[in-house]
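Heads up: the structure comes next, in structure tokens.
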Amino acid sequence: MTEKKQLRQREDVPEEQTWQLTDLFTDTAAFNLACEELIGQAHDIASHQGTMLHSADELYTTVAAYFRAEELVDRIFNYGEHLYNSDMTAAAGQSASAQAQQTVTAFNAATAFVTAALPHITSMQLADFYQKNPKLRRFDFIFTQAQQRQAHILPAGEETLLSALGQTITAPESIYNKLNDADIDFGTMKDSHGNLIPLSKEKIYQLYQSPDRQVRRTAAEKFATAYAHSAYTFAEALQQHVHTQNTVAQLRHYHSAREMDLASQFIPESVFTTLVDTVHEFLPSLHKYYALRKRVLRLDPLYAYDLSVPLVGEAPLKPTYEKAQQWALAALAVLGDDYVQHLQEEFGNRWIDVAENTGKLSGGYEEDAFGVHPYVLLNWSNTYRAASTLAHESGHAMQSVYADAHQPYWYSQYSMFIAEIASTCNESLLNHYMRSQFQDNHRVQAYLLTESVEDLLNTIFNQTKYAEFEDYAYVTDAQGDSLTPEKLNDKTAALDALYEGDGVAPNPWANNSWARIPHYYMNYYLYQYATSKAVANTLAKRILTDPATAVPQYKEFLSAGASDYPLAIVKKAGIDMTKPDYIREALQVFDQQVDELAALLDVE
């Protein structure tokens with residue numbers, strides 16, 4: 001069995017591979033002073049509670065002070081989070097994180113009345129306020145969005161009651177997380193070398209890539225069995241979460257939880273249904289890919305636990321971090337000199353915490369500190385996937401850079417609905433560039449095409465499938481039916497059969513994969529992965545084929561922040577998400593790449 005890699009201690013990581021947190025605060029003393037300052041600002045803002053809507057000047061003073069303080073909130077949160085995530089075993093990070101959380105929580109509690117009061121401003125009152133204090137117009141879109149929620153705001157007493165029930169409303173998710181992260185036990189199994197190994201989710205997903213089919217099967221069966229042991233509890237947690245959301249939707253006068261959750265970002269339900277309908281049009285392309293896998297791997301039948309086996313064996317690309325930076329700069333040069341200059345600033349000024357070290361948070365993320373710069377966390381490994389992650393997180397960072405440069409703070413924080421577009425567009429541009437660099441190397445071409453095809457499969461097809469399941473759960477509960485493990489298993493199996501076609505045989509045990517997906521507790525979040533990836537892939541195609549038109553439109557999209565409705569912002573990039581065209585364009589690329597991959601692998 002491969003030995004576990006020994007990680008460096010934080011103090012042994014070269015400084016140039018760590019965050020420059022002094023860009024936020026020069027030292028801990030400055031951070032402490034900022035926390036004290038924020039509490040003072042919270043008290044000042046809280047003094048306007050009850051009088052905020054009494055006059056135009058009072059409204060302006062309160063809202064302006066609130067957003068000024070929110071800028072400081074961002075800096076405090078970033079400092080505490082990043083110091084802690086750098087090494088979660090270090091006392092300094094633990095202390096800073098705790099202080100940041102306590103300070104921000106106290107600020108939010110003291111100032112919650114500000115956003116709660118905005119929907120109560122009438123159109124007539126706002127028009128009068130604009131005349132008396134024209135500076136209020138800088139917040140016009142904030143007020144407009146608040147007014148559109150008026151029909152769903154309950155009387156003050158009922159809102160207070162709902163707020164008091166907050167912990168109860170989120171209890172099913174908490175129960176699920178405890179069950180899924182703490183209580184579940186996957187047991188042990190023997191690996192391909194005969195070693196008895198303890199199983200975890202991460203380890204099981206690694207074993208799915210094993211060339212030893214018996215290892216894959218055993219891991220999959222162990223996974224399913226562990227969830228089967230608690231199936232009724234998992235089903236009850238999901239039932240209660242869905243039922244609670246359906247009840248809240250009724251109380252807020254929405255027709256459904258789906259309408260409520262999409263309306264939170266001003267997304268019409270037609271975007272959801274158009275996604276599902278259009279993806280169904282391209283299921284034959286997905287079936288063609290599974291048939292290709294079946295032939296290349298020479299597996300008949302091909303089971304679900306065979307779907308992660310690499311088609312070209314060991315990954316042929318093993319870039320260093322420095323090489324990955326060069327790839328990113330070259331691949332994204334199509335976006336213009338200014339974009340490349342911002343990337344160089346990111347790479348050269350310690351915006352990125354690069355290396356793995358003991359105690360560091362796993363995975364990767366980007367977080368923006370308005371008025372400072374974005375911060376990116378990586379855990380570098382010399383793989384193409386890591387290079388793609390660098391491009392991905394840099395896409396988030398560049399969207400923050402452009403939005404911060406063109407918008408005031410209150411319009412700089414772009415919607416979650418569009419948050420994954422810039423990041424996944426970068427992934428597509430990188431993949432295209434890399435294929436252009438290895439045109440004569442069929443193995444690398446096949447590897448890169450497989451990466452692209454699997455990315456589209458996982459983020460468009462699979463996330464749409466999961467979104468269909470989520471919708472089924474909500475509709476079933478709304479009709480008064482219970483969500484039993486048997487019903488949930490059957491629906492999962494039916495959707496898998498629809499999406500996988502005849503090329504993939506069902507595993508010879510109950511299909512309880514629904515119990516493994518925490519996103520079902522995130523209220524219609526999953527479909528956004530699919531819409532974002534479809535937009536990103538279509539944008540990448542247009543940027544490469546018509547940069548003179550597409551790049552300026554894309555820059556306008558990046559610069560918009562939250563200054564307009566999400567669909568209007570995407571339209572600035574030239575894509576109308578109320579129509580299916582953007583999804584079709586992305587999935588036509590998928591279909592084409594499957595054919596290219598088949599040709600490279602000499603499969604007829």
Problem set entry | Between N85 and Y365, a side-chain donor and acceptor under 3.5 Å | yes
Exercise. Taking atom CD of E322 as the centre, does the number of heavy atoms from other residues, nucleotides or ligands within less than 6.0 Å exceed 12?
Worked result: yes
Exercise. Is D564 salt-bridged to K571, going by a charged N under 4.0 Å from an acidic O?
Worked result: no
Exercise. For the ring pair F272 and Y524, is the centre-to-centre distance below 6.0 Å?
Worked result: yes
Exercise. Would you call E454 and R293 a salt bridge, using N to O less than 4.0 angstrom?
Worked result: yes
Exercise. What's the spacing between L597 CG and T450 OG1 if we round to 0.5 Å?
Worked result: 4.5 Å
Exercise. Are there more than 12 heavy atoms of other residues, nucleotides or ligands under 6.0 Å from atom CE of M88?
Worked result: yes
For this session: State, without any angle test, whether Q101 and Y84 hold a side-chain donor-acceptor pair at a distance under 3.5 Å.
Result: no
For this session: Evaluate whether atom CD of E314 has more than 12 neighbouring non-hydrogen atoms of other residues, nucleotides or ligands under 6.0 angstrom away.
Result: no
Exercise. So, E346 versus S394: side-chain donor-acceptor pair below 3.5 Å or not?
Worked result: yes
For this session: Mind listing the closest non-hydrogen atom pair of P374 and A397 along with its distance?
Result: CG-O, 3.5 Å
Problem set entry | Donor-acceptor pair between Q399 and E366 side chains, under 3.5 angstrom | no
Exercise. So, do Y520 and F469 have ring centers that fall under 6.0 Å from each other?
Worked result: yes
Seminar exercise, completed: Note: R542 and G574 closest approach over all heavy atoms is NH1-O, 2.8 Å
For this session: Compute whether any side-chain donor of one residue and acceptor of the other, for E420 and S423, lie under 3.5 angstrom apart.
Result: yes
For this session: Compute whether any side-chain donor of one residue and acceptor of the other, for Q214 and T218, lie under 3.5 angstrom apart.
Result: yes
Problem set entry | R584 to F282, cation-pi by 6.0 Å centre distance and 45° axis angle | no
Exercise. So, do Y466 and Y529 have ring centers that fall under 6.0 Å from each other?
Worked result: no
Exercise. Has H287 got more than 12 heavy atoms of other residues, nucleotides or ligands less than 6.0 Å from its NE2?
Worked result: yes
Exercise. Does atom CZ of R385 have more than 12 heavy-atom neighbours from other groups under 6.0 Å away?
Worked result: no
Problem set entry | More than 12 heavy atoms of other groups within 6.0 Å of D440 CG | no
For this session: To the nearest 0.5 Å, tell me how far L558 CG sits from L335 CG.
Result: 8.0 Å
For this session: Compare all side-chain heavy atoms of F590 with those of L457 and state whether any distance is below 4.5 angstrom.
Result: yes
Exercise. Between the side chains of H373 and Q20, is a donor N or O closer than 3.5 angstrom to an acceptor N or O?
Worked result: no
Exercise. In Å and rounded to the nearest 0.5 Å, what is the CG to CD distance from L448 to Q437?
Worked result: 10.5 Å
Exercise. Does the distance from a Lys or Arg side-chain N to an Asp or Glu carboxylate O, for R350 and D23, drop under 4.0 Å?
Worked result: no
For this session: Please lay out, stage by stage, how N177 and Y521 fare under the test side-chain contact (heavy atoms from CB on, under 4.5 Å).
Result: CA-CA 10 Å; N177 288 335; Y521 295 82; over 6 Å; no
Problem set entry | Parallel, tilted or perpendicular: ring planes of Y205 versus Y208, cut at 30 and 60 degrees | perpendicular
For this session: Assess the side chains of Q592 and E596: does a donor N or O sit below 3.5 Å from an acceptor N or O?
Result: yes
Problem set entry | salt_bridge(K201, D181) N-O dist < 4.0 Å | yes
Problem set entry | Point-to-point distance, once rounded to the nearest 0.5 Å, from CG of L283 to CG of L498 | 5.0 Å
Exercise. Going by atom types alone, do D353 and H82 pair a side-chain donor with an acceptor below 3.5 Å?
Worked result: no
For this session: Quick one: sort the H396 and H392 rings into parallel, tilted or perpendicular, breaks at 30° and 60°.
Result: perpendicular
Exercise. Between the side chains of Y414 and D368, does any donor sit under 3.5 Å from an acceptor?
Worked result: no
Exercise. What distance separates M398 CE from C425 SG, expressed to the nearest 0.5 Å?
Worked result: 13.5 Å
